[in-house]
Amino acid sequence: MNNAKLKGKLIVIVAPSGTGKSTMIKRLKEDFPTLVESVSYTTRPIRPGEIHGSSYFFISRDEFLERKDSQEFLEWAEVHGNFYGTSKIFVENCLDDGKHLLFDLDVQGTDSMKKYFGDVANAIFISPPSVEELEKRLRNRGTENTQVINLRLLNAQKELERKNDFDFLIFNDDIEMAYKRLFEITHQILHE
Ligand code: ADP
Ligand code: 5GP
């Protein structure tokens, strides 16, 4: 793929689990209807309210490994004990059509996208105000058990060490202020 010829923009949102990424992405898609979200494949169990094919494609570990071996993923990573991968064909088709793409990836996936697309990929790190607040949000969300929450918090500390390594950094303390900043950055990227 010749990155210089791409008409569509790529936006990658990266944040520790529980920061508020999904909440902000939902609003962003409503405000920028031309943004197409890349739906990843995952082996993690489906949460109440999630929809197969819209939140993720929920597949078994065997199917994931088969797809990985068939080179179907642009990037993939093991995150919090589950596999997650970005569909290569979906991304290529969207970019061929000149669409703007939105990704919700972990730090490893974001690094891969930057390596692959360089400056064409705009990576936005969203940071929680503190690990204590992150723990509160994960517990209040109530979608994971204590063991899974503890693993996500442990990983969050490592991910937070990378918060200054991306193109933009937003602190999600007050949701309205954080979303306003995300809106401004997205507007700038799409209209530059
Ligand atoms: P992520 O997608 O990053 O894992 P979510 O969007 O699911 O996180 O948010 C985790 C929880 O925190 C949700 O219950 C959400 O309503 C809540 N939340 C998000 N942003 C804030 C904020 N600024 N202040 C308080 N709670 C928040
Ligand atoms: P969750 O289980 O909370 O939906 O996601 C866990 C983590 O996996 C989040 O950091 C999310 O951004 C990341 N993630 C989701 N899809 C992908 C993907 O396709 N590739 C990578 N590398 N990370 C992903």
Side-chain angles (χ1 to χ4, degrees), residues 10-30 37-59 64 67-68 72-91 94 101-117 121 123-145 147-160 162-163 166 170-183:
L10 283 88
I11 299 179
V12 184
I13 311 278
V14 51
S17 177
T19 300
K21 199 163 42 160
S22 310
T23 308
M24 291 168 82
I25 285 177
K26 188 167 174 286
R27 286 179 67 172
L28 203 64
K29 288 197 303 184
E30 285 164 8
E37 188 175 10
S38 162
V39 180
S40 296
Y41 286 77
T42 186
T43 60
R44 114 153 134 62
I46 190 165
R47 290 177 191 147
E50 287 187 324
I51 300 166
H52 178 81
S54 168
S55 316
Y56 284 103
F57 291 101
F58 295 93
I59 59 173
F64 191 98
R67 287 177 181 271
K68 174 178 89 62
E72 284 186 34
F73 298 124
L74 187 58
E75 64 75 37
W76 69 275
E78 187 166 5
V79 194
H80 319 309
N82 294 300
F83 291 131
Y84 296 81
T86 301
S87 163
K88 194 191 286 178
I89 189 82
F90 179 81
V91 172
C94 285
L101 269 167
L102 180 66
F103 299 88
D104 169 346
L105 303 178
D106 84 320
V107 167
Q108 306 166 74
T110 309
D111 285 339
S112 301
M113 296 301 269
K114 287 298 285 185
K115 255 190 217 138
Y116 203 80
F117 291 105
I124 306 172
F125 192 99
I126 305 181
S127 172
S130 65
V131 175
E132 291 71 30
E133 171 63 19
L134 191 65
E135 181 169 2
K136 252 191 238 161
R137 288 183 193 174
L138 280 171
R139 292 201 191 286
N140 287 344
R141 188 171 71 186
T143 50
E144 273 84 21
N145 64 36
Q147 197 187 354
V148 174
I149 289 178
N150 288 342
L151 177 62
R152 286 177 178 242
L153 286 170
L154 201 66
N155 291 337
Q157 328 236 6
K158 285 184 226 144
E159 290 166 330
L160 283 169
R162 297 284 319 277
K163 71 173 187 285
F166 302 98
I170 300 174
F171 283 89
N172 180 18
D173 186 353
D174 175 84
I175 185 71
E176 292 309 320
M177 279 172 65
Y179 180 70
K180 185 167 176 281
R181 184 73 192 117
L182 181 61
F183 180 98

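Start at 1 and go down the list; that is how both ligands and their atoms are numbered. The basis for the numbers below is simple: all heavy atoms, side chains too, and nothing from hydrogens, waters or symmetry mates.
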Under 4.0 Å from a heavy atom of R44: give me the atoms of ligand 2 that qualify, with their elements. 1 (P), 2 (O), 4 (O)

Give the atom numbers and elements of ligand 1 that come within less than 4.0 Å of a heavy atom of I175. 20 (N), 23 (N)

Atoms of ligand 2 less than 4.0 Å from A77 heavy atoms? 22 (N)

Just say parallel, tilted or perpendicular for the rings of F64 and F73, cut-offs at 30° and 60°. parallel

If you measure from the Lys or Arg side-chain nitrogens to the Asp or Glu carboxylate oxygens, is any gap between E75 and K88 under 4.0 Å? no

What atoms in ligand 2 come closer than 4.0 Å to a heavy atom of G109? 22 (N)

Give me the residue, atom name and distance of the protein heavy atom closest to atom 19 (O) of ligand 2. S40 OG, 2.7 Å

More than 12 heavy atoms of other residues, nucleotides or ligands under 6.0 Å from NZ of K136: yes or no? no

Write out the residue and atom name of the closest protein heavy atom to atom 3 (O) of ligand 1, then the distance separating them to 0.1 Å. K21 N, 2.8 Å

Do E135 side-chain atoms and E132 backbone N/O form a donor-acceptor pair below 3.5 Å? no

Ligand-side contact atoms (ligand 1) for residue partner S22, heavy atom cut-off under 4.0 Å: 1 (P), 2 (O), 6 (O)

Any Q108 heavy atom less than 4.0 Å from ligand 2: no

Name the closest protein heavy atom to atom 9 (C) of ligand 2, giving the residue it belongs to and the distance to 0.1 Å. K21 NZ, 3.4 Å

I would like to know whether L138 and L153 meet side chain to side chain contact (heavy atoms under 4.5 Å, CB included); could you show each step before the answer? CA-CA 9 Å; L138 280 171; L153 286 170; 4.1 Å; yes

Main-chain N/O of A121 paired to K114 side chain as donor or acceptor, under 3.5 Å: yes

With side chain to side chain contact (heavy atoms under 4.5 Å, CB included) as the criterion, how do F58 and I51 come out once you've worked through the C-alpha distance, each side chain's angles and the decisive distance to 0.1 Å? CA-CA 9 Å; F58 295 93; I51 300 166; over 6 Å; no

Quick one: nearest non-hydrogen protein atom to atom 14 (N) of ligand 2, plus distance? D104 O, 3.6 Å

Below 4.0 angstrom from a heavy atom of R47, which ligand 2 atoms are there? Numbered from 1 as shown, please. 1 (P), 2 (O), 3 (O)

Numbered atoms and elements of ligand 2 in range of G85, under 4.0 angstrom, heavy atoms: 18 (C), 19 (O)

Which residue and heavy atom of the protein sit nearest atom 20 (N) of ligand 1, plus the separation: N172 ND2, 3.1 Å

Polar side chain donor-acceptor pair, R44 to T42, under 3.5 angstrom: no

N/O donor-acceptor pair under 3.5 Å between N172 side chain and T19 backbone: yes

For atom 7 (C) of ligand 2, grab the closest protein heavy atom and report residue, atom and distance to one decimal in Å. V79 CG1, 3.8 Å

State whether the shortest distance between N or O atoms of D174 and N or O atoms of ligand 1 falls below 3.5 angstrom. no

For atom 6 (C) of ligand 2, find the nearest protein heavy atom and state the residue, atom name and distance (0.1 Å precision). Y84 OH, 3.5 Å

For atom 20 (N) of ligand 2, the protein heavy atom that lies nearest, with its residue and separation: E75 OE2, 2.7 Å

Counting heavy atoms only, name the option from L138, D106, L105 that's nearest to atom 22 (N) of ligand 2. D106

Taking CD in E30 as the centre, count heavy atoms belonging to other residues, nucleotides or ligands within less than 6.0 Å. Is the count above 12? yes

For E37, the option from K21, K29, K26 that meets salt bridge (charged side-chain N to carboxylate O under 4.0 Å, His left out): K29

Answer side chain, backbone, both or neither: which part of R152 comes under 4.0 Å from ligand 2, heavy atoms only. side chain

State the CD1-OG distance between I46 and S55, to the nearest 0.5 angstrom. 6.5 Å

Touching ligand 2 at all, E159? Heavy atoms, strictly under 4.0 Å? no

Could you pull out, from G20, P16, G142, A178, the option with a heavy atom nearest to atom 9 (O) of ligand 1? G20

Flag Y41 as yes when one of its N or O atoms lies below 3.5 Å from any N or O atom of ligand 2, and as no otherwise. no

Does some non-hydrogen atom of G18 fall short of 4.0 Å from ligand 1? yes

At what distance is the nearest protein heavy atom to atom 14 (O) of ligand 1, and which residue and atom is it? R141 CB, 3.9 Å

Residues D106 and Q108: side-chain donor-acceptor under 3.5 angstrom: yes

Which residue holds the protein heavy atom closest to atom 18 (N) of ligand 1, what is that atom called, and what is the gap in Å? R137 CD, 4.0 Å

Would you check, one step at a time, whether the test ring pair (Phe, Tyr, Trp, His ring centres under 6.0 Å) holds for Y56 with Y84? CA-CA 9 Å; Y56 284 103; Y84 296 81; 5.8 Å; yes

Counting both backbone and side chain atoms, is some N or O of T23 under 3.5 Å from an N or O of ligand 1? yes

Does this structure show an ion pair linking E133 with R137, if we count only N-O contacts that are shorter than 4.0 Å? yes

Close approach, Y56 and ligand 2, non-hydrogen under 4.0 angstrom: yes

Is the shortest distance from a Lys or Arg side-chain nitrogen in R27 or E176 to a carboxylate oxygen in the other one below 4.0 Å? yes

Considering only heavy atoms of D173, which atoms of ligand 1 have at least one such atom less than 4.0 Å away? 22 (C), 23 (N), 24 (N)

Proximity flag N140 to ligand 1, non-hydrogen atoms under 4.0 Å: no

Measuring centre to centre across the rings, with the benzene-like ring taken for any Trp, is W76 within less than 6.0 Å of F83? yes

